[in-house]
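Data first, discussion second: the structure below is written as structure tokens.
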Protein chains: 4
Amino acid sequence: MPKPGGSRRAELLSLAARLFAERGFVSTTVRDIADAAGILSGSLYHHFDSKESMADEILTGFLDELFGTYAEIVAAGHGPRETLEAVVTASFDSIHRRPAEVAIYQNEAKHLMQLPRFAYLVDRNAEFRKLWNGILTDGVGAGVFRQDLDVELVYRFIRDTVWVAVRWYNPDGALTSDAVAKQYLGILLDGIGTKSG
Amino acid sequence: MPKPGGSRRAELLSLAARLFAERGFVSTTVRDIADAAGILSGSLYHHFDSKESMADEILTGFLDELFGTYAEIVAAGHGPRETLEAVVTASFDSIHRRPAEVAIYQNEAKHLMQLPRFAYLVDRNAEFRKLWNGILTDGVGAGVFRQDLDVELVYRFIRDTVWVAVRWYNPDGALTSDAVAKQYLGILLDGIGTKSG
Amino acid sequence: MPKPGGSRRAELLSLAARLFAERGFVSTTVRDIADAAGILSGSLYHHFDSKESMADEILTGFLDELFGTYAEIVAAGHGPRETLEAVVTASFDSIHRRPAEVAIYQNEAKHLMQLPRFAYLVDRNAEFRKLWNGILTDGVGAGVFRQDLDVELVYRFIRDTVWVAVRWYNPDGALTSDAVAKQYLGILLDGIGTKSG
Amino acid sequence: MPKPGGSRRAELLSLAARLFAERGFVSTTVRDIADAAGILSGSLYHHFDSKESMADEILTGFLDELFGTYAEIVAAGHGPRETLEAVVTASFDSIHRRPAEVAIYQNEAKHLMQLPRFAYLVDRNAEFRKLWNGILTDGVGAGVFRQDLDVELVYRFIRDTVWVAVRWYNPDGALTSDAVAKQYLGILLDGIGTKSG
DNA sequence: AATGAATGAGATTTCATTCAT
DNA sequence: GATGAATGAAATCTCATTCAT
């Protein structure tokens, strides 16, 4: 079980992530992954001790990176509006750079979370909620966001809209993740209606 | 194979829908459904000829109803803003009334769509896009929505935000689907920012 | 369980025979038969107590008739050659009149014979062999058939060639079973070679 | 899925062929085959992807060999009588060497042929008919076979008689396939009747 | 005579995983 | 690092049969 930075490991994880994202965790067979890697399914077990552990490693790596980025943004100490813009932009950027990982997180977390080994997903969810909800609450308190918002509801709307974009966002397309973020923030902050609408 | 319309069939479909929504289509076993119904798994095949055909029937029924409602709204002939409000409200209402069906549509359509028997999902998607995109385009043309919108992008944001709500909306909770719709439309049309923000 | 001459019974047996002949006994489901009769599979059990008993009744009826005919031929007391011609002709005729029954006998007897309830098939086989083999032996003894024949082998060749014809003989075709019998007897008795061949 | 050619595969196919021949394709369970091989039924799927594909491989292998032999005979360029003798003898020989395969071809082809994957059986049948029918037609034209033969009928009689022999021929018995062939050709060419008969 | 619902046994197949080589 | 063969558990599905109504 070669643990440290084997590049073969990384390749295999990347393949697995792509397949998990495309077909779903349960529907992706160990043989699918092995086929994609050009080896036999049994051979995968020289690298990982289970299919679950692949998903685990994929998610852990992704979440560590994502929350690291969030931490940096918070550490910068900007106001609620700028912070919101930054986390939204960073989130769309993570969709751009790690689409497979985001998709797995989006689609599988709910089910995986129920397994003890994935308990950390529950914690990450709580952490995530605390961060985003906090930004909104601060913003309402600071008067930069409307006073009549149901913060919890707005939090959910934003969270879902941002992450679900992984379903259609194309990393190779003309529309950059920054552009998507800008458009979304425009709508979110000012609405789609005209003054007269 | 009893005719569609038998009440036992409907009961079983309802149970299946709930389980498919909770655990996912692939992870729900035929035995799970049979257990829930208090019969043996083989007995289900007296009513349906496969697990797939259960999903088929669930989705067909749901989509027929949903698009029927949409058709009525369009037929009413209101302006873009009112029409948008009506379809958003109707969509949240369908989440309220058919949460399992919406969840299945959200979570499984992408995979099921690839099977020939579910080809109609592709058509429904196109129909859906045409309707919602059309409302937005009309609204921009009529000056009730901002001229600088990327309509396709806004369409996706709205679509995703509305439907993904099925993940957290609780039909038995205090927050009604109408209230959710109102909040969302408020944000969508006017943004969360204050004038001064 | 209506036993005596119900015409519904006869209809159902006829349907079953056709299906057993076409698809094979094991591959024909009770539901196939019920479908063909326009009733539900459970309803068949008002007429017969099992799928096996249908096959039983079909075979018994057919064999009684066939061996009745053979008995009449033997009772006529003709010479070996005429008797052989008569049983061959009668056999092709039974293919004409009862193609489904013959096909079942041909294709399923080997397997059914192993079940206790079909033990009579073994007896019938022995009876059949005794009759045909006897005719050939008599013929060789009487000098109407060649002295150098391996009677057992010739018996098998004739038996197989005649009965296997059920696979291609078409009761509705232009070629009558009598014509087929004549052609076959011509070949059998005189060969296909020319004197000079 | 190991490449065709693995020796384990060949062993398993041979076992399967024997069982298919004895019990019939549908009545032979995958477990029967696995039991005979001393492994679990699921393990068979390491080598073959379905029961059907086993039958497929068995039949393909057999037919390739058989038609190869026929091609050699035709290529030898003998007259109709010698060619007929050669193909009949070769056919009885194939019953001797591959009794299981012949039995499967005899008993199951009719049903398997209806499946798309076994469409080649239809082609082989046509090829077979063309060859045998051609020999007979040539022979009638050349005057070595009687002028009054219904060639199509004779073709069927010969075909059936030869192949159906698989039902009783015993590869381990005293009667060799060559002896059977000689007896049959004797009857076929000269008849069983005496000149005076 | 038939329906509608179910049983229960067993079939084929899937697949993560193990392990000797 | 990989192969090739297998396990074992569980999945979907089939189907003859039963039985209350």
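So you know, we letter chains A, B, ... as the sequences are listed, proteins then strands, and number each from 1. These values consider heavy atoms only, across backbone and side chains, with no hydrogens, waters or symmetry-generated copies.
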Interface residues of residues 12-20 of chain B with DNA chain E (non-hydrogen, below 4.0 angstrom): none
Any residue in residues 29-38 of chain D with a heavy atom nearer than 4.0 angstrom to DNA chain E? Just list them by number, or reply none. D:Thr29, D:Val30, D:Arg31
Qualifying residues under side-chain hydrogen bond (donor to acceptor under 3.5 Å, both in side chains), relative to [X], sequence neighbours excluded:
X       : value
B:Ser43 : none
C:Asp64 : C:Arg124
A:Asp32 : A:Arg23, A:Thr29
D:Arg9  : D:Glu57

Hey, could you give me each pair passing ring pair (Phe, Tyr, Trp, His ring centres under 6.0 Å) that has a residue in residues 2-23 of chain D? Not counting sequence neighbours.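 Every ring pair (Phe, Tyr, Trp, His ring centres under 6.0 Å) pair that includes a residue of residues 2-23 of chain D, provided the two are not neighbours, is D:Phe20-D:Phe25.
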Among A:Leu121, A:Ile58, A:Val166, which one satisfies side chain to side chain contact (heavy atoms under 4.5 Å, CB included) with A:Tyr105? A:Leu121
Under 4.0 Å, counting only non-hydrogen atoms across every strand here, what does A:Thr28 touch: a base, just sugar-phosphate, or nothing? sugar-phosphate
Is the phosphate of F:dA6, meaning OP1 or OP2, less than 4.0 Å from a side-chain N or O of D:His47? yes
Phosphate-side-chain proximity, B:Arg9 and E:dG4, N/O vs OP1/OP2 below 4.0 Å: no
Under 3.5 Å between N/O atoms: give me all the protein pairs with nucleotides 18-21 of chain F, atom names plus distance.
none

In this structure, which stretches of DNA chain E are paired as stems of three or more consecutive Watson-Crick or G-U pairs, both distances less than 3.5 Å?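 Correct response: E:2-21 with F:2-21.
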Side chain of A:Leu40 (C-beta onward), nearest among F:dT3, F:dA6, F:dA2: F:dT3
Counting C-beta onward and ignoring hydrogens, is there a side-chain heavy-atom pair between A:Ser94 and A:Trp163 closer than 4.5 Å? yes
Quick check: do B:Tyr120 and B:Leu63 have side-chain heavy atoms less than 4.5 Å from each other?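 Yes. Closest side-chain heavy atoms under 4.5 Å.
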For B:Arg97, what residues pass the salt bridge (Lys or Arg N to Asp or Glu O under 4.0 Å) criterion, not counting sequence neighbours?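 In terms of salt bridge (Lys or Arg N to Asp or Glu O under 4.0 Å), with neighbours along the sequence ignored, B:Arg97 is linked to B:Glu65, B:Asp93.
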Rounded to whole angstrom units, what separation is found between the [atom1] atom of [X] and the [atom2] atom of [N]?
X       : N      : atom1 : atom2 : answer
C:Glu52 : F:dC15 : CD    : C1'   : 14 Å
B:Leu44 : E:dA6  : CG    : C1'   : 11 Å
D:Phe48 : F:dG4  : CZ    : C1'   : 14 Å

Partner residues of D:Val122 under the side chain to side chain contact (heavy atoms under 4.5 Å, CB included) criterion, sequence neighbours left out: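 Testing D:Val122 for side chain to side chain contact (heavy atoms under 4.5 Å, CB included), a comparison that skips the adjacent residues, returns D:Met113.
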Taking atom CD1 of B:Ile104 and atom CG of B:Asn107, what is their separation to the nearest 0.5 Å? 9.0 Å
For C:Phe25 and D:Ile39, take the nucleotide of DNA chain F holding the closest heavy atom to each; which residue's nucleotide lies nearer the 5' end?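 Looking at DNA chain F, the more 5' nearest nucleotide goes with D:Ile39.
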Heavy-atom donor-acceptor pair, C:Thr28 side chain to C:Leu19 backbone, under 3.5 Å: yes
Quick one: which residue pairs count as a salt bridge (Lys or Arg N to Asp or Glu O under 4.0 Å) with a foot in residues 101-120 of chain C, not counting sequence neighbours? C:Glu52-C:Arg117, C:Asp56-C:Arg117
